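Presented below is the structure to which this report refers.
Note that this is a predicted model, so its numbers are computed, not measured. In what follows, every chain begins at residue 1, and chains take the letters A, B, ... in the order their sequences are listed.
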Amino acid sequence: MPELPEVETIARGVDERVRGARILAAWFGSHREPMKTSPRVQEKALTGAQFASVRRVGKHIVCHLTGPAHQPGSLGAESGQSPELQWIVHLGMTGRLLVTDSAAEVVAHTHARLTLEDGREIRFVDARRFGRLELRNLRHQQAFQGPGTEPLTIAPEAFHALFHGRKTSIKAALLNQNLLHGVGNIYADESLFRVGIRPQTRAHRLTRAQLERLRVALQEVLTQAIQLGGSSVSDYVDANGVKGFFQLEHRVYGREGQSCRVCGAAIRRVQLAGRSTHFCPACQR
DNA sequence: ACAGGCTCCTGCAGGC
DNA sequence: TGCCTGCAGGAGCCTG
């Protein structure tokens, strides 16, 4: 399940590989589910477009592109400026954004293929179709900002303000993308363990000092996970098909019944905010 | 405005 | 062996 570190790893990998590349042809499947923008609109806009950069915003991969050069004699080309495009990819649960040779086998659940001039392809593959593909034309639409605040750089005061007065559990609040974007189930559980806070604790009951420790721990966990290429649980791989290693550092996530690496107590799993939630009953009070 | 629950979707694991 | 059931979860939607 791709969260911030996995999406960051993929975005960096794709950026390295496709920066400057021009799209020769674009193909989009007809399934409704992953498409926030219609397949035909995405195909038309992306054909001939050129990658300027690829970045992460929350759990989204945002590809910045310059549009195709204007055809001779076309009207409305103000000062010859090409339209700026954003192709926004959300991986959902099982989505993959891969850079492959165009001769590589097209696997099941491939929803988009962008053929580059040099014979490579960018492919979006998503079995469960919880992912989303969106195209924005910045001449007519606002640039994508993401729903919430970036957790890696948020300041203490802003972090505190996000949770102030919230009666929901701190776990649910961490998962709320309208507050912080990019945090998912794994890194919420892992950061709460590192500061000894029970996931069920109501957010507004946390002291300023606790919230500050949580902010620091969250940033440390996310940063370390990025350095290790993310967590490979289920079928996560980066843009090159390579697995990450942060799953080896997990202290609670996916460790139900196993002994806590700090105190030896059995790690527990409960349902919270509709999600599996892992914690140590002794270390987290 | 906010909180919580349901739903989408497929692959896989576990049970009989 | 093979079928069935339940579970995984990001986020949009609906309800209270």
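- Using a 4.5 Å heavy-atom threshold, the side chains of A:Thr277 and A:Asp189 count as touching.
- In this structure, A:His111 places its NE2 atom 13 Å from C1' of B:dC8, rounding to the nearest Å.
- Proximity of A:Leu214 to A:Ile170: side-chain heavy atoms (C-beta onward) are separated by under 4.5 Å at one or more points.
- A search for ring pair (Phe, Tyr, Trp, His ring centres under 6.0 Å) contacts involving A:His60 returns A:His90, A:Phe144, not counting sequence neighbours.
- Residue A:Arg96 contributes atom CZ, which lies 17 Å from atom P of B:dT10 at whole-angstrom precision.
- Summarising the geometry, the separation between CG on A:Leu272 and P on C:dC7 is reported as 17 Å, rounded to the nearest angstrom.
- For A:His204, there are no ring pair (Phe, Tyr, Trp, His ring centres under 6.0 Å) partners, not counting sequence neighbours.
- Between A:Glu16 and A:Arg12, no side-chain nitrogen of the basic residue sits less than 4.0 Å from a carboxylate oxygen of the acidic one, so the salt-bridge criterion is not met.
- A:His109 has no side-chain polar atom (N or O) that falls below the 4.0 Å cut-off from OP1 or OP2 of B:dC9.
- Atom CZ of A:Arg261 is surrounded by more than 12 heavy atoms from other residues, nucleotides or ligands within 6.0 Å.
- Under the salt bridge (Lys or Arg N to Asp or Glu O under 4.0 Å) criterion, A:Arg202 pairs with no residue, sequence neighbours left out.
- Between A:Gln200 atom CD and B:dA3 atom C1' there is a gap of 17 Å when expressed in whole angstrom units.
- In the hydrophobic clustering, where aliphatic and aromatic side chains (Ile, Leu, Val, Met, Phe, Trp, Tyr) are joined below 4.5 Å either directly or transitively, A:Leu175 stands alone.
- Less than 4.0 Å separates DNA chain B from at least one heavy atom of each of the following residues of residues 164-172 of chain A: A:Arg166, A:Lys167, A:Thr168.
- Residue A:Asn176 is the one, among A:His31 and A:Asn176, whose nearest nucleotide of DNA chain B lies closer to the 5' end (criterion: closest heavy atom).
- Alongside A:Val252, the hydrophobic cluster contains A:Phe193, A:Val262, A:Ile267 (criterion: ILVMFWY side chains under 4.5 Å).
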Requested in this report: Using a 4.0 Å heavy-atom cut-off, write out nucleotides 9-16 of chain C from 5' to 3' as B (base contacted by protein), S (sugar-phosphate only) or - (no contact).
Outcome: BBB-----
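- The terminal axes of the helix from B:dC2-C:dG16 to B:dC16-C:dG2, fitted over 5 pairs per end, subtend an angle of 50° to the nearest 10°.
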Review item, side-chain donor-acceptor pairs of residues 269-276 of chain A, under 3.5 Å, at least two apart:
{"from": "A:Arg269", "atom 1": "NE", "to": "A:Glu256", "atom 2": "OE1", "distance (Å)": "3.0"}
{"from": "A:Arg269", "atom 1": "NH1", "to": "A:Ser276", "atom 2": "OG", "distance (Å)": "2.8"}

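- One atom, CZ of A:Arg129, and another, C1' of B:dT7, lie 14 Å apart when rounded to the nearest Å.
- Heavy-atom distances under 4.0 Å link DNA chain C to no residue of residues 143-160 of chain A.
- For A:Tyr187, the ring pair (Phe, Tyr, Trp, His ring centres under 6.0 Å) partners are A:Phe246, not counting sequence neighbours.
- Residues meeting the ring pair (Phe, Tyr, Trp, His ring centres under 6.0 Å) test with A:Phe130, sequence neighbours left out: none.
- Contact check on A:Arg113 versus A:Glu43 returns no salt bridge, with no Lys/Arg side-chain nitrogen under 4.0 Å from an Asp/Glu carboxylate oxygen.
- As judged by a 4.0 angstrom heavy-atom cut-off over every strand, A:Arg202 is placed among residues touching the sugar-phosphate backbone only.
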